Amino acid sequence: MKTALYEGPYYECETDALVLPFFEDDSLDDATLREVDRRLNGSLSSLVAAGELKGKPWETVLLHAPAGVKAQRLLWVGCGRRSECDLEVIRKFGGTAARYLRSRGAKKMALLAPGGTTSGRAAQAMEEGVLLGLFDVGSYKTEDKEEGLIEELVLVVNAGEAADAMQGVERGKITAKAVNFARNLVNEPSSVMTPTEMSERAREMSERFGLDVDILDEPQIKELGMGSFLGVARGSDEPARLIVVTYTPEKITTDETLAFVGKGITFDSGGISLKPSEGMEMMKYDMAGGAAVLGAMRAIAQLRPSVRVFGIVPATENLPSGRAQKPGDVVRSMSGKTIEVVNTDAEGRLILADGISYAKRLGATRIVDLATLTGACVVALGSVYAAILGNDQAMIDDLIAASCASGERLWQLPLHREYREQIKSEIADLKNIGGRKAGTITAAYFLQEFAETTSWVHLDIAGTAWLEEKRPYLSCGPTGMGVRTLIEYAFRSAGGR
Ligand code: BES
Ligand code: ZN
Ligand code: ZN
């Protein structure tokens, strides 16, 4: 899909469908809206009078052959209250319009930004909303393919806005494509998205966008002493991989080096502590943290913030077999700490422990890990917020601020020392489960033991990486949760755009 700007009055724009926003608290007494209604030959006031257009969030009304405009169709999209119109509303407006019109065969559409001005940020949000909204989860369907129907997006801009808006469009395109790249990795069945395949996709992406990439195989992983990671990989016939992607900027404006570490379990059966079969098919998405890291690296390579960033993804399956690790086994991690594996289904923290140690070895001063780590997080926050925990409050605050700007949501949980009691082991330094209470917190506490004094933040995206019900710009399925926040955080770490 290509995007163009139209610098002229909306009613002159020739397109398959012109999309206009309408707010709940809009009144036809307002001079601007009266003028719009007059131009449309009174069709706006009659829709409002008939109660068909109320401005409720994401309501849609389509008019064919509308009077007063050159577009063939006119789509009204309800946007809620005018005072609450922020970038997320603009993203949802774009997503709603794109998905509605695609299902009705439109090839070209033109959007007029809610709020009436198309700043760079607003243009970026619209571009993101449209491209994220058009993501197609049915990649294995042989009929009814939805992809590629909308060929052209036009943003209607005011005089003087074009340069800024075009920059926003570029950023939005890069960001949304990175998110959709991650969603595609997550959407693949585990028979396709093996650790080897994931590393090959990381390699292709890195070569295409000019990142350094290093794929470590099992002998190399063993050489590093990653007994915790390899313990998880033992049960599988698919070899494990440690994916390391490096972004080096032309100029560096900060002493900090970032590392993004993502959980790359390409299928989580639970291992010997086998999961129930109902819902197990979902566990192909247990590499969503790793996919988000690769997606963020893709955008970072194109947008080029002036900070060094490592992307680290330990990738393996978690399967039972005659060789699989068993409850009660003790493994030695790269850090030297020993771990009693009480439950083989708590495998994410085992592979991330070594991933975090490796980030420190590379010289990272700020580590962010992302993982579909606990069912407890799904229970606590559902699919609305991801959990954030860490050992550096300033860094947590920065990530929350980045998430607000990017339209993702993070909610902090406490990481008090007293939770340490729950992961004490009799036989080893730690055990890998902390009992029924505070499952998301004890999992994070376990990871903190490996971050030690390095600034570190953990995002538990178990509830937000996959949606069971669609949203205005997200279909059911993989969301790419984390990609946009990581990109934004990299820029903030480098001191802004
Ligand atoms: N991948 C799961 C967590 C998960 C559950 C993600 C549901 C998405 C949806 C993780 O590896 C796991 O199995 N965690 C266990 C830990 C428990 C054994 C301490 C869990 O949360 O039940
Ligand atoms: Zn598990
Ligand atoms: Zn898992």
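The chain is numbered in sequence order, starting from 1. Read the numbers this way: they start at 1 and go in the same order the structure lists the ligands and their atoms. Every value quoted in this text rests on a predicted model; they were computed, and no experiment measured them.
Residues E488 and R492 are paired through a salt bridge, judged by an N-O separation under 4.0 Å between the basic side chain and the carboxylate. Using a cut-off of 4.0 Å between Lys/Arg side-chain N and Asp/Glu carboxylate O, E197 and R201 are scored as salt-bridged. One finds a salt bridge joining E347 and K263 here, because a Lys/Arg side-chain nitrogen approaches an Asp/Glu carboxylate oxygen to under 4.0 Å. Taking a cutoff of 4.0 Å between a charged side-chain nitrogen and a carboxylate oxygen, K173 and E170 do not qualify as a salt bridge.
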message: Could you walk me through whether V457 and D398 satisfy the side chain to side chain contact (heavy atoms under 4.5 Å, CB included) test, starting with their C-alpha distance in whole Å, then the side-chain angles of each, then the deciding distance to 0.1 Å, before giving a yes or no?
response: CA-CA 10 Å; V457 168; D398 285 347; over 6 Å; no
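Between L415 and N391, the closest side-chain pair of non-hydrogen atoms is not below 4.5 Å.
Using bins of under 30°, 30° to 60° and over 60° for the plane-to-plane angle, the ring pair W411/Y385 lands in the perpendicular bin. Note on ring orientation: taking the six-membered ring where Trp is involved, the planes of F446 and F450 are tilted (angle from 30° to 60°).
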Pairs under 3.5 Å, N/O atoms on ligand 1 and on the protein: can you put them in a table with the distances?
residue	atom	partner	partner atom	Å
ligand 1	1 (N)	K263	NZ	3.3
ligand 1	1 (N)	D268	OD2	3.2
ligand 1	1 (N)	D286	OD1	2.8
ligand 1	1 (N)	D286	OD2	3.0
ligand 1	1 (N)	T372	O	3.4
ligand 1	11 (O)	K263	NZ	3.2
ligand 1	11 (O)	D268	OD2	2.9
ligand 1	11 (O)	D345	O	3.0
ligand 1	11 (O)	E347	OE1	2.8
ligand 1	11 (O)	E347	OE2	3.0
ligand 1	13 (O)	K275	NZ	2.8
ligand 1	13 (O)	D345	O	3.0
ligand 1	13 (O)	D345	OD1	2.8
ligand 1	13 (O)	D345	OD2	3.1
ligand 1	21 (O)	G375	N	2.7

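A donor and an acceptor atom, one from each side chain of Y445 and E421, are nowhere located under 3.5 Å apart.
Nearby protein atoms of type N, O or S around the Zn ion (ligand 3) amount to 4 (distance under 2.8 Å).
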